[in-house]
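Note sheet for the following structure.
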Amino acid sequence: MIRRAVLVLLAVVLLGGCERPPPVHKETLYVFGTLVEVTLYDVDPETGAAAVAELEVLFRRLHRDWHAWEPGLLSDLNRAIARGEPFEVPADLAGLIRISKRYAEQSEGLFDPAVGSLVALWGFHSDDPEAGRRPDFDAIRALVATAPSMRDVTVEGTRVSSRNPAVQLDFGAVAKGLALDRAVANLKKRGIADAIVNAGGDLNVIGRPGDRHWKVAIRDPVTWGAVATIDAKDGEAVYTSGNYARFREIEGVRYAHIIDPRTGMPVDRIVSATVIHDSGATADAAATALAVAGPDDWPRIARRMGIDLALLIDAEGTVHATPAMAARVVFEGGVPANLVVAGGKGPS
Ligand code: ADP
Ligand code: MG
């Protein structure tokens with residue numbers, strides 16, 4: 001009898017030992033023109049559903065308020081700028097403009113959301129940029145000559161004005177990062193400690209799933225296969241800018257949606273630029289800036305923006321990485337022969 005009781009007890013302990021994996025709540029939202037996948041680790045379905053519903057409300061509002069060409073708050077602001085009038089904005093849009101001014105300054109204007117009119121002239125102010133039509137190069141040259149820049153934009157409290165009416169704000173290169181920063185902050189406030197919010201490959205993570213880190217793939221821009229994987233640590237954001245995600249094909253040539261503000265031309269020397277940072281907004285803006293900077297100048301711009309983890313693939317297929325990134329990333333099939341290590345916070 002005693003023996004049986006012991007056996008039963010042992011069975012219970014054993015059952016307790018082979019734990020079931022904690023529940024994972026996964027939902028996909030369509031917002032910011034992309035699918036946003038939210039994965040919450042060790043969260044029960046009700047808590048998970050409530051948290052994602054809250055994120056959806058936040059994302060929908062930011063989409064409406066910060067969209068570069070759909071009617072909304074930002075297009076109202078852009079019209080006021082074109083008329084030469086100041087405009088009152090909500091505090092969070094004022095914040096987005098302020099951090100964008102900082103990133104523009106740090107990147108020497110390679111990231112500059114004041115180039116909305118250039119993006120529009122290239123046909124990217126559309127959900128489906130149609131192939132074929134050549135942009136109006138005279139209009140592009142004329143616009144570059146007026147040099148719209150975040151330096152022209154002044155934010156006093158929540159009052160925004162521009163001394164240059166050619167400025168049109170387009171936060172396509174930074175808004176997603178700031179939105180995802182807010183999303184993970186919201187999750188944390190709800191007591192959710194381990195999560196990943198992934199907007200089409202641009203993502204923020206908090207915590208970790210169990211005793212390992214979130215594993216993130218860095219994809220080949222052409223084949224979409226994983227080039228490398230990297231463990232994203234608690235609080236990190238991984239953002240990639242590339243000329244493969246959105247482009248137009250004109251007379252057989254692909255034009256990227258990332259424009260060099262100095263020339264008005266789409267970038268063509270960098271195929272993809274990935275940045276890891278503890279701020280999604282910084283990672284997003286920096287990935288765009290490094291794509292514009294190109295294979296020679298990116299280490300300098302990365303340093304100016306305080307970026308220690310970056311990986312770029314150029315049009316020749318050469319892989320460039322900072323020392324810290326090269327040390328952390330795990331390449332599929334081993335370290336590529338054409339890996340160039342440069343940049344980083346220290347001297348290169
Ligand atoms: P993705 O949208 O693929 O994540 P980015 O973060 O680089 O890529 O954002 C590209 C978008 O940013 C463009 O679609 C355009 O709206 C805007 N943009 C293009 N060139 C620049 C630039 N030099 N500086 C700031 N924003 C830009
Ligand atoms: Mg970006």
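Small disclaimer: the values here were computed from a predicted structure and weren't measured. Atoms within each ligand, like the ligands themselves, are counted from 1 in listed order.
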Near [X], which atoms of ligand 1 are under 4.0 Å from a heavy atom of that residue?
X      : answer
Ser241 : 5 (P), 6 (O), 7 (O), 8 (O)
Thr240 : 4 (O)
Asp284 : 6 (O)

If you measure every N or O of [X] against every N or O of ligand 1, does any of those distances drop under 3.5 Å?
X      : result
Asp202 : yes
Ala173 : yes
Pro261 : no

| query | Could a heavy atom of Lys176 be found less than 4.0 Å from some atom of ligand 1? | reply |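 Under 4.0 Å: yes for Lys176.
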| Non-hydrogen atom of Phe111 closer than 4.0 Å to ligand 1 | yes
| task | For the pair Asp296 and Arg269, find out whether any cationic side-chain nitrogen is under 4.0 Å from an anionic carboxylate oxygen. | result | yes
| query | Between Trp69 and Phe171, is the gap from one ring center to the other below 6.0 Å? | reply |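 Distance test on ring centres: not under 6.0 Å, no.
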| What do you reckon, is CZ of Arg151 surrounded by more than 12 foreign heavy atoms closer than 6.0 Å? |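 Not buried by this count: 12 neighbours or fewer within 6.0 Å.
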| said: Is there a path of hydrophobic side-chain contacts, each under 4.5 Å between heavy atoms of I/L/V/M/F/W/Y residues, joining Met265 to Val119? | reply: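 Yes.
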| Test log, rule salt bridge (charged side-chain N to carboxylate O under 4.0 Å, His left out), inputs Arg328 and Asp231 | CA-CA 8 Å; Arg328 250 177 82 178; Asp231 283 343; over 6 Å; no
| request: Taking atom types as modelled, find out whether Asn204 and Tyr239 have a side-chain donor-acceptor pair closer than 3.5 angstrom. | output: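 Yes, Tyr239 and Asn204 have a side-chain donor paired with an acceptor closer than 3.5 Å.
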In a table with atom names and distances, give each donor-acceptor pair under 3.5 Å that connects a side chain of residues 84-92 to protein atoms at least two apart or in another chain.
{"unit_1": "Glu85", "atom_1": "OE1", "unit_2": "Arg83", "atom_2": "NE", "d": "3.0"}
{"unit_1": "Glu85", "atom_1": "OE1", "unit_2": "Arg83", "atom_2": "NH2", "d": "3.2"}
{"unit_1": "Glu85", "atom_1": "OE2", "unit_2": "Arg83", "atom_2": "NE", "d": "3.4"}
{"unit_1": "Glu88", "atom_1": "OE1", "unit_2": "Thr158", "atom_2": "OG1", "d": "2.7"}
{"unit_1": "Asp92", "atom_1": "OD2", "unit_2": "Arg61", "atom_2": "NH1", "d": "3.4"}
{"unit_1": "Asp92", "atom_1": "OD2", "unit_2": "Arg61", "atom_2": "NH2", "d": "3.0"}
{"unit_1": "Asp92", "atom_1": "OD2", "unit_2": "Arg182", "atom_2": "NH1", "d": "2.9"}

| query | For the Mg ion (ligand 2), which protein N/O/S atoms are closer than 2.8 Å? | reply | Ala173 O, Asp284 O, Asp284 OD1, Thr288 OG1
| Looking only at heavy atoms, which two atoms of Phe111 and Ser107 are closest? And how far apart? |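 Heavy-atom minimum between the residues: N-OG, 3.1 Å.
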| query | Which pair of heavy atoms, one from Val38 and one from Val52, lies closest together, and at what distance? | reply | CG1-CG2, 4.0 Å
| message | If you take the nearest heavy atom of each of Leu110, Asp170, Leu118, which one is closest to atom 16 (O) of ligand 1? | response |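 Answer by nearest heavy atom: Asp170.
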| Contact partition for Asp112 relative to ligand 1, non-hydrogen atoms under 4.0 Å | backbone
| remark: Students should find that the hydrophobic cluster of Val57, defined by side-chain heavy atoms under 4.5 Å apart, otherwise consists of none
| Under a single-linkage rule joining Ile, Leu, Val, Met, Phe, Trp and Tyr whose side-chain heavy atoms are separated by less than 4.5 Å, which residues share a cluster with Tyr30? | Leu35
